[in-house]
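What follows is a single structure, written as structure tokens, with notes after it.
As the structure is a prediction and not an experimental result, all values here were calculated from the model. Residue numbers run from 1 in the order of the sequence given.
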Amino acid sequence: MLQIGQYNTLRILRDTQVGLFLGDGVNEEHDVLLPNKYVPKEFHINDDITVFVYLDHEERPVATTLKPYVKLNEFSHLKVNYKNEFGAFLDWGLEKDLFVPFKEQARPMEIGKRYLIYCFMDEKTNRMVASSKTQQFLSNDDLTFEEGEEVGLIVSHITEAGINVIINERHKGLAYKNEVYEDIKPGMRMNGYIKQIRPDGKVDVSLRKLGFDAIEPSAQQLLDELKANRGFLGLNDKSHPEDIKTVLKMSKKVFKKAVGSLYRQQLIDIKDDGIYLL
């Protein structure tokens, strides 16, 4: 059966004047046209070919070898090509633009601007549409990850509280502004880490590795030295550079950076007589 809005691997059934007809060779009702402009230079009948299937201007299934910027039930950051009295139309990499009805716009869309959207199948019209009201497609009722786990993130929007993100295309999360050092913009994709799952279902995320995994090489070296010395080193930021070099084989500048990294992660305590491992 054809999967609308997804990639399908189909068999080349017959060659016609308008293009190749593809299908499973069992049910002709599921055959779909691959127009001539997308037909590969070399092909053979009964070969398998992977194509994206969507609905054309007459709402009929059609195949293409073009790669869309978003598939069904996914999020993406797309540009508005034009508007009319029914809604906005987004460039998603295919001939026919992706429609966003006015009722699915979080705020009125403007031509040339980009918006984070979710692509879904409208049950009333039975066609693929998009919505910038993305929160309705997210839920934290049944989380599919654990604290410390690496996850995929999409930047949703930025508020005073922090960076709101979409986790694994399914859940909502927040990265606090004072813990984000990169230049972040809506629509950006990146990997992150689950920092905390709160009792109310809210999720805190980090854009950097957590705990010992987050330590850069110099900090790891300092941490290893602390462990080897029963959790204490008689060094601090007032120590002479030669003393630091003798003990750790690193410059004072690198040492202070390593200390700062471990201190921010609450792995060490700094006292007048030296550094203590927590």
Side-chain angles (χ1 to χ4, degrees), residues 75 77 138 140 143-278:
F75 295 90
H77 199 234
L138 301 172
N140 284 11
L143 298 176
T144 57
F145 46 72
E146 299 177 351
E147 291 185 359
E149 185 174 332
E150 183 175 3
V151 291
L153 302 177
I154 305 173
V155 177
S156 174
H157 56 285
I158 302 172
T159 66
E160 289 299 320
I163 316 298
N164 289 268
V165 296
I166 297 169
I167 307 171
N168 290 346
E169 305 264 354
R170 297 178 61 180
H171 310 296
K172 296 178 285 187
L174 180 72
Y176 293 101
K177 280 186 177 179
N178 62 350
E179 298 177 358
V180 177
Y181 305 98
E182 298 86 350
D183 183 18
I184 299 298
K185 296 180 181 179
M188 290 181 63
R189 289 179 178 265
M190 63 199 73
N191 287 339
Y193 303 86
I194 303 301
K195 183 177 180 181
Q196 182 179 9
I197 300 175
R198 299 179 180 275
D200 60 1
K202 293 182 179 179
V203 180
D204 296 339
V205 302
S206 171
L207 304 188
R208 297 188 174 189
K209 291 183 177 181
L210 303 169
F212 293 104
D213 291 335
I215 301 169
E216 56 194 12
S218 59
Q220 182 65 59
Q221 183 181 343
L222 175 56
L223 188 64
D224 291 342
E225 195 68 26
L226 279 165
K227 291 178 179 179
N229 286 274
R230 298 183 179 181
F232 174 76
L233 281 179
L235 299 171
N236 55 36
D237 60 356
K238 296 180 181 179
S239 299
H240 193 279
E242 285 300 317
D243 293 335
I244 296 172
K245 184 177 181 181
T246 299
V247 176
L248 296 171
K249 304 297 187 294
M250 67 176 64
S251 69
K252 185 169 184 176
K253 181 179 180 180
V254 172
F255 166 74
K256 291 174 72 174
K257 184 177 180 180
V259 169
S261 176
L262 296 178
Y263 186 77
R264 286 192 298 272
Q265 296 175 72
Q266 300 181 347
L267 298 176
I268 62 171
D269 192 13
I270 305 170
K271 298 184 178 180
D272 291 338
D273 61 338
I275 304 168
Y276 290 80
L277 181 66
L278 295 180

Report task. Check whether any side-chain heavy atom of I163 sits under 4.5 Å from a side-chain heavy atom of L207, and report yes or no. Result -> no
Query - Rounded distance (nearest 0.5 Å) linking atom NZ of K245 with atom NZ of K252 - result: 14.5 Å
Report summary line: Separation between CD1 (I268) and OH (Y276), nearest 0.5 Å, reads 12.5 Å
Query raised in the report: Taking atom CG of L277 and atom CG of L223, what is their separation to the nearest 0.5 Å?
Result: 6.0 Å
Query raised in the report: Tell me, do V247 and F255 make a side-chain contact under 4.5 Å, heavy atoms counted?
Result: no
Query raised in the report: To the nearest 0.5 Å, how far apart are CG in D273 and CG in L235?
Result: 11.0 Å
Requested in this report: For residues I184 and M190, determine if any side-chain heavy atom of one lies less than 4.5 Å from a side-chain heavy atom of the other.
Outcome: yes
Query raised in the report: Taking the six-membered ring for Trp, are H171 and F145 parallel (under 30°), tilted (30 to 60°) or perpendicular (over 60°)?
Result: perpendicular
Query raised in the report: With a 4.5 Å limit on heavy-atom distance, are the side chains of L222 and L233 in contact?
Result: yes
Report summary line: Looking only at heavy atoms, the pair that brings S156 and P186 closest together is O-CB, 3.7 Å
Report task. Using a 4.5 Å cut-off on heavy atoms from C-beta on, say whether the side chain of V259 contacts that of D237. Result -> no
Query raised in the report: Do any N or O atoms from the side chain of K177 and from the backbone of T159 form a donor-acceptor pair under 3.5 angstrom?
Result: yes
Query - N168 side chain vs R170 backbone, donor-acceptor pair below 3.5 Å - result: no
Report task. Using atom types as modelled and distance alone, determine if a side-chain donor or acceptor of K172 lies under 3.5 Å from a backbone N or O of K202. Result -> no
Query raised in the report: Around D200, counting heavy atoms of other residues, nucleotides and ligands shown, do more than 12 lie under 6.0 Å from its CG?
Result: yes
Query raised in the report: Minimum heavy-atom separation for E169 to I154, with atom names?
Result: OE2-CD1, 3.8 Å
Requested in this report: Look at atom NZ of K257 and say whether more than 12 heavy atoms of other residues, nucleotides or ligands are closer to it than 6.0 Å.
Outcome: no
**Report entry** Nearest-0.5 Å distance, CG of residue L267 to CG of residue D269
**Finding:** 11.5 Å
Query - Under 3.5 Å: donor-acceptor pair, side chain of N140, backbone of G201 - result: yes
Query raised in the report: Going by atom types alone, do E242 and T246 pair a side-chain donor with an acceptor below 3.5 Å?
Result: no
**Report entry** Flag side-chain contact, heavy atom, 4.5 Å: V205 against I194
**Finding:** yes
Query - Polar side-chain atom of K185 near backbone of V155 as donor-acceptor pair, under 3.5 Å - result: no
Report summary line: dist S261:OG -> K256:NZ (nearest 0.5 Å) comes out at 15.0 Å
Query raised in the report: Where the side chain of Q221 meets the backbone of L248, is there a donor-acceptor pair that is under 3.5 Å apart?
Result: yes
Report task. Flag the pair L153 / I167 as yes when at least one side-chain heavy-atom distance between them is below 4.5 Å, and no otherwise. Result -> yes
Report task. Side-chain contact test, heavy atoms from C-beta onward, threshold under 4.5 Å: evaluate it for N236 versus K271 and give yes or no. Result -> no
